[in-house]
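What follows is a single structure, written as structure tokens, with notes after it.
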Amino acid sequence: MKLYEKSAAELSEMLRRRECSAAEILNDVRSRISCIEGKIGAYITLNDNAEEAAKAVDRAIALGEELHPLAGIPIAFKDNISTRGIRTTCASKMLEGYIPPYDAAVTEKLKSAGAVITGKTNMDEFAMGWSTETSYFGRTCNPHNTAYVPGGSSGGSAAAVSSGEAILALGSDTGGSVRQPAALCGIVGMKPTYGVISRYGLIAYASSLDQIGVMGRTVEDAAMLLSAVSGHDRRDASSLIAPTEDYHNALKYKISGLRIGVPEEYFTDIISDEVREAVNNALWLMEKCGAEIKIITLPSTKFAVNAYYIIACAEASSNLARYDGVKYGFRAENYTSLSDMNAKTRSEGFGDEVKRRIMLGTYVLSAGFRDKYYKRAVAARRLICREFDDAFKECDIIAAPSFPTPAFRFGEAGDDAVRRYSSDICTVPASIAGLPAISIPCGRSRNGLPIGLQFIGDRLSEQLLLDAANVYEKNSGGFNCIAKLEEGTDE
Amino acid sequence: MEFDVKYIAHLAQLKLSEDEIPALERELAALTEILGTLPELDDIDTHPAGKEMLLREDKAVPFSSSPAELLANAPELRAGCIAIPKTVD
């Protein structure tokens with residue numbers, strides 16, 4: 001087995017026993033990138049200085065120093081997470097040449113741990129999308145079949161982990177952008193409770209929804225990464241003051257008596273038969289492991305997508321107002337005035353989906369429409385939160401598909417924004433309510449594409465979610481995540 | 001429902017071409033029609049009493065980057081300042 005195929009936990013142990021070096025791990029991952037990146041397109045920017053971090057870890061090992069579990073582990077960063085000195089573009093022409101002068105909080109933590117940044121991964125522009133097709137830098141392909149999308153908006157990160165181009169990755173999840181690509185690429189992806197991971201340095205899309213999420217090929221790996229990046233940060237006003245957790249060392253292997261709620265509203269006609277079957281089989285396995293399955297109802301689920309798009313677009317219209325060509329980023333040419341420069345910069349610098357969402361957000365906040373849209377969306381949000389609170393009195397976690405279908409072909413989603421947006425029904429409720437949620441592989445479609453199962457928990461129940469996911473992983477024979485790299489096929 | 005694309009684009013500081021407008025108008029009209037189906041939920045308190053927001057002390061602290069680093073991303077610099085078109089005639 002190649003080093004890039006091993007988990008972070010395995011590599012960490014090998015480094016501790018000096019069975020390999022950090023430089024060897026990085027070289028193996030880099031060879032993998034050289035070999036397949038042309039087919040996958042997971043990265044926008046590779047980190048040319050990664051060797052320095054790897055060599056620093058090897059020097060520390062030689063000196064017998066105690067190391068963090070993630071020291072020497074190659075980690076990919078979604079390209080909306082600030083990395084000082086490394087270009088950070090949000091996959092947009094607007095930030096094509098932008099080099100952050102500071103590190104995000106998560107970047108600081110992982111550098112301090114001795115992790116090795118492999119590079120910055122492709123995404124939907126400004127995290128607005130579900131297939132990584134809106135990137136200014138071109139598309140990313142699903143490593144399981146390159147004719148299919150990897151999901152989005154953290155598609156590059158998911159593809160990198162799935163293909164072995166990184167051991168772990170960070171993404172961001174506003175309405176499902178870690179969980180959905182994790183499901184479509186067959187890996188583990190987790191969004192924590194809102195406020196558990198600092199948003200300092202995460203380039204904003206929708207501030208009351210954005211959360212950095214973790215991606216790995218095993219539940220243990222996801223838990224290791226979550227432990228490393230979570231914790232209070234005074235620079236983020238929404239950062240929770242809560243005890244830091246050692247999630248991976250506290251992982252449990254039994255879930256006897258765990259009550260799993262299955263909301264009927266998450267299993268409507270838009271869920272494909274293959275996904276329904278895979279999720280039902282997974283729930284049957286959990287029952288065999290000692291869980292109790294209960295059908296529950298969350299009637300306000302029908303409001304979730306509308307509320308999400310109103311709130312997210314409203315916040316995006318405010319957050320993206322900063323891109324005006326003045327202080328940083330792209331500036332248009334041939335303008336006649338400051339306002340002309342602003343408008344031309346924004347029109348030329350943003351892609352179509354970003355402009356669509358900015359306009360939608362501007363509209364729902366505008367005079368005469370705010371009460372009809374934004375005010376109702378905020379009320380719907382409170383109702384959804386209240387229903388989840390009531391549900392968690394009857395069950396410990398909630399189970400649902402991560403996405404209605406396996407991955408789809410490039411271009412198959414079409415131009416119908418209404419249809420595209422409605423497919424977010426599985427993931428946006430947890431985002432709206434600020435709840436933690438994890439997606440794990442639970443099967444394959446008939447043409448070999450991964451299918452994801454989602455567990456949603458109450459606030460600050462990350463450990464319980466990881467335990468449940470871990471039990472499933474151990475009893476299902478493991479996830480076998482590394483993609484064999486099928487060329488695009490007609491099936 | 002009609003969607004006044006030109007007006008909203010003006011508010012959003014976007015310049016649209018004449019070619020872009022018809023398709024955007026249709027699309028955004030369809031979207032807002034769907035989004036507008038959220039019911040009024042008058043009995044939901046959107047500002048529930050609870051914990052106050054914790055604010056940090058209003059204290060200046062050194063930033064990790066130098067002025068040169070902060071200005072390095074500016075599109076145009078003159079005499080150490082960010083240059084923009086004049087704002088007042």
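In what follows, chains are A, B, ... by sequence order, proteins preceding strands, each numbered from 1.
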Neighbours of chain A found in residues 15-22 of chain B - heavy atoms under 4.5 Å: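 Heavy-atom contacts from residues 15-22 of chain B to chain A are B:K15, B:L16, B:E20.
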Toward chain A, the part of B:F63 with a non-hydrogen atom under 4.5 Å: side chain
Structural part of B:A23 lying under 4.5 Å from a heavy atom of chain A: neither
Contact origin within [X] toward chain B - heavy atom pairs under 4.5 Å:
| X | answer |
| --- | --- |
| A:A380 | both |
| A:S337 | backbone |
| A:M341 | side chain |
| A:R235 | backbone |

Distance-only, no hydrogens or angles: does the [X] side chain make a donor-acceptor pair with backbone N or O of [Y] under 3.5 Å?
| X | Y | value |
| --- | --- | --- |
| A:N306 | B:I34 | yes |
| A:Y373 | B:L38 | no |
| A:R346 | B:A12 | yes |
| B:N73 | A:G329 | no |

Pairs involving residues 329-357 of chain A, ordered by first then second residue, that meet ring pair (Phe, Tyr, Trp, His ring centres under 6.0 Å) (sequence neighbours left out):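 Of all non-adjacent pairs touching residues 329-357 of chain A, those that pass ring pair (Phe, Tyr, Trp, His ring centres under 6.0 Å) are A:F126-A:F350.
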Side chain to side chain contact (heavy atoms under 4.5 Å, CB included) evaluation trace for A:I99 with B:E69: CA-CA 9 Å; A:I99 300 177; B:E69 267 185 291; over 6 Å; no
Residue selection (most heavy-atom pairs with chain A, distance under 4.5 Å) from B:A9, B:A72, B:G36, B:S66: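 Highest number of heavy-atom pairs under 4.5 Å: B:G36.
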Greatest number of heavy atom pairs closer than 4.5 Å to chain A - which of B:I82, B:L14, B:L28, B:L11: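 Heavy-atom pair counts peak at B:L14.
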Note, [X] side chain near [Y] side chain (heavy atom, < 4.5 Å):
| X | Y | answer |
| --- | --- | --- |
| B:E40 | A:K372 | no |
| A:L360 | B:L35 | yes |
| A:R376 | B:L41 | no |
| A:K327 | B:P75 | no |

Side chain to side chain contact (heavy atoms under 4.5 Å, CB included) partner of B:Q13, the single match among A:T345, A:N342, A:L320, A:T362: A:N342
Top of A:R234, A:K344, A:R84 for chain B proximity - count of heavy-atom pairs under 4.5 angstrom: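 That would be A:R84.
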Separation between CD1 of B:I84 and CG of A:L338, rounded to the nearest 0.5 Å: 5.0 Å
Euclidean distance, A:I310 CD1 relative to B:T32 OG1, rounded to 0.5 Å: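 Answer rounded to 0.5 Å: 9.5 Å.
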A:K302, NZ: over 12 other non-hydrogen atoms inside 6.0 angstrom: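 Atom NZ in A:K302 is packed in, count exceeds 12.
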